Structure formats: structure tokens, C-alpha cells
Number of protein chains: 2
Amino acid sequence: MLRMSKLADYGALVMAFLAKSDRMLNATEISSEINVASPTVAKLLKLLTRGELLVSHRGVNGGYSLARGADDISVADIIDVIEGPIALTECVSQPGSCVQESDCSLRENWQVINDAMRKALSEVSVSDLAGGRSHSVNLDANGSLEKATGGCC
Amino acid sequence: MLRMSKLADYGALVMAFLAKSDRMLNATEISSEINVASPTVAKLLKLLTRGELLVSHRGVNGGYSLARGADDISVADIIDVIEGPIALTECVSQPGSCVQESDCSLRENWQVINDAMRKALSEVSVSDLAGGRSHSVNLDANGSLEKATGGCC
DNA sequence: TTCAATTGGGACGATTCTAGTCCTGTTTCA
DNA sequence: TGAAACAGGACTAGAATCGTCCCAATTGAA
């Protein structure tokens, strides 16, 4: 179905929520706020921390906060960390795994499509998801991704 | 991993091969040419025919051929037929399925990302995959997908 | 008219992936 | 010192995918 995993979906939700709240939050708080089961959120937070998108603080009053500005974290970053590198086809991520071997005329084009997708995902930041920059992301007439000031939300 | 299914991958291979050969081919021939097991290819051909990307001819000397010009069939068409509509998140394809309900600030942005991905996939035709137009697909400096004459392959 | 070749459609099983849970260890601070 | 919170990994249940097989319907050639 060409769909992200739910984990990545929830991951975006977690990141957006942290961007909005702008203070350190622990796993329990985040879980109850975004309506996702607490062990699942805990798992996500660990992944996002290991991927250096979040920083964690142990101990009493510990929790998680964004590792850098919400503008500097893209949806592509989140997917990379949770699902691994974006790779539409196997041959893009694992050269040599395909029986078509050397003379596959498709592979180069898959790579291009892959790059275009990655670019689309890189254009949208956590800040956009959180709606924190008082604009929404729009697709202009040419199909390229642009930021439109004065959008909705 | 944000990956297409293998079936969709093989589907593109089948379509590209049919575009190259430019005559009617049966399932057995296609299977042996693209190195994919015959029952799998047969299944794919049925799907692609039902999706109106191929036309079939039964009986002796029957087979499959493209339903329309290779330029008029995009990678997005193939994915649509084999995997169903492209939907990065559940809320894009099934409104109302998400517990976040009404006030999800993310949904609108997912839709935009989804459209951008779909556009990237729509820009590449079966003809491009087959390399039949003596150019390859390139990504220009602005990230939009363009056809570059005089490319490789 | 008959028969072989070919597609059409659906059912089925094995494998793999995903989502979610739980347990134990480590760190921090009151 | 003890409670709160994160870190890491093992584990299970469920779902999706991949690939195969079977039989019916259709077509064209002998």
C-alpha cells in the first residue's frame, strides 16, 4: 500500500507534540496526551533518542525534549530513524540483492524517484507538523513543495 | 521501511519489458525473460489487466500487451493497481480511522506530502523505465522531476 | 468439431514483518 | 537511600505478504 508504519506515524505525532509543548516531558505525559499506549510511546522515545532527534534526561523529573530546533528536524529524519533509510525498492538500499543484476534499466530511475520522495519528505519540518510557524505547507502549481505564509491553521 | 511491495516492483519490471518488446507476450515468455517465477508473473499480469494497464488475449497464441502507449502509463498507475492507492498514512486513505479525530494538525500536511510523492511517481512513465525514449529521468537542482534529453542509457 | 494453449479467478499455506508488552538494569535527584 | 524515570533487549500475537496451486472459461488451430 506504500504506507509508513504506524510507529513512524506515531513518531511524527510525538515529535510534533514535543515541538508544541516546548518543555521536557516524560513518556507517561506524552502517552496520555497523544492517545497512544504508554509502552509503545516509550519504545518510540527510545528510538528517537538513539537517532539523536531527542535528548533524554534520566532520574526524577527527567523526560525528553527535542535535540535541536523543530525547524531543523524533518519528516524524513523521523522516518529514517524509525523505519530505516527510505528505499522504495530493494536495489536502492541493497545493491547486489537483485537477480536482474547488471543490466537493469530500471534501477537508475528508481533511485531518482526515491530521491524525489526523500526530498518531499525533507521539505516538511516538525515545526510544520506542529503548526508552530503559523503557516501550513502547500504544493504549488508546479508540484514543488513550498512554504506558504498566511495559510490555514 | 517505506518500501513498495515486491509485487509492485516486479510489476514495473513486467510493464517495462512489455514496453520494450512491443508485441504480445504470454505469461511463460515474460516469466523466463525477467527471471521471476511463472505463477507470480501470472498473478501480476491478471492484476495489471484488471487495472486496465494491460489487455489480454485468451486462447492459442494469446498473451498480454500494453493497454495504451508506454508514455501514458506511469509508475503511480502501476503502484495504484498492484498495491492500491498511495497513502502514506491511514488518515489519508481512510478518514475517520484515527483516534486523534478532529483537531489533528498533522493530517493536512500528510496529505500534502502524499500528493508530492504521488506526483513524483506520476512523472515517471513506463517508457522511461524501459529506457525507450533514449533519455533517463533526472532530478534538477530544484528537486522537481524533469526529463533530460541526452541522459545515459 | 475437437483439443491444446492460454487467461481468469479464487483458495491456500508458509514465511516474514509489525505492533505491542514485559522484564531487568542504569541513572539521577530529593 | 529510595523512588522516579530512561535504556535495552527478549518475547508473543497478529497481520500482511509472497508465492503456489487448482479449476473454469475462452480462443484458435488442426
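On a predicted model such as this, the values are computed, not experimentally measured, just so you know. Numbers restart at 1 for each chain; the letters A, B, ... are given by sequence-line order, proteins then strands. All values below come from the heavy atoms of this structure, side chains included, with hydrogens, waters and symmetry mates left out.
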Measuring from the side chain of [X] (C-beta onward, heavy atoms only), which nucleotide among [options] has the closest atom?
X	options	answer
B:Ala27	D:dG9, C:dA19, C:dT7	C:dT7
B:Ser56	C:dG8, C:dA19, D:dG19	C:dG8
B:Val60	C:dA5, C:dT7, D:dT20	C:dA5
A:Lys46	D:dA3, C:dG20, D:dA7	D:dA7
A:Pro39	C:dT21, C:dG9, C:dT18	C:dT21
A:Tyr64	D:dA7, D:dT27, C:dT21	D:dA7
A:Arg58	C:dT21, C:dG9, C:dT26	C:dT26

Rounded to the Å, how far apart are [X] [atom1] and [N] [atom2]?
X	N	atom1	atom2	answer
B:Leu2	C:dT18	CG	P	11 Å
B:Met4	D:dA16	CE	C1'	17 Å
B:Leu44	C:dG9	CG	P	15 Å
A:Ile82	C:dG20	CD1	C1'	15 Å
B:Glu90	D:dA15	CD	P	13 Å
B:Leu54	C:dT6	CG	C1'	15 Å
A:Leu47	D:dC6	CG	P	15 Å
B:Leu7	C:dT16	CG	P	17 Å

Point to revise | side-chain N/O B:Thr40 vs D:dT20 OP1/OP2, d < 4.0 Å | key: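 For D:dT20, OP1/OP2 do have a side-chain N/O of B:Thr40 under 4.0 Å.
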Review point. Can you tell me if the side-chain N/O atoms of A:Asn26 get under 4.0 Å from OP1 or OP2 in D:dA5?
Key: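 The answer is yes; a side-chain N or O of A:Asn26 sits under 4.0 Å from OP1 or OP2.
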Can you measure from [atom1] ([X]) to [atom2] ([Y]) and round to the nearest 0.5 angstrom?
X	Y	atom1	atom2	result
B:Lys46	B:Arg50	NZ	CZ	9.0 Å
A:Leu106	B:Asp9	CG	CG	8.0 Å
B:Leu7	B:Ile78	CG	CD1	12.5 Å

Review point. So, do B:Leu121 and A:Leu2 sit near enough that their side-chain heavy atoms are less than 4.5 Å apart?
Key: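 They are in side-chain contact.
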At under 4.0 Å between heavy atoms, what does [X] touch on the DNA or RNA strands: base, sugar-phosphate, or nothing?
X	answer
B:Thr49	sugar-phosphate
B:Ala42	nothing
A:Leu45	nothing

**Study point:** Closest heavy-atom pair and its distance - A:Ala19, A:Ala70
**Key:**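 What the structure gives for the nearest pair is CB-CB, 3.9 Å.
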Point to revise | Verdict with supporting geometry, A:Arg23 and A:Glu29, salt bridge (charged side-chain N to carboxylate O under 4.0 Å, His left out) | key: CA-CA 12 Å; A:Arg23 65 180 180 92; A:Glu29 288 175 301; 3.6 Å; yes
Review point. Of A:Lys6 and B:His57, whose nearest nucleotide on DNA chain C comes first from the 5' end?
Key: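 It is B:His57, whose closest nucleotide lies nearer the 5' terminus.
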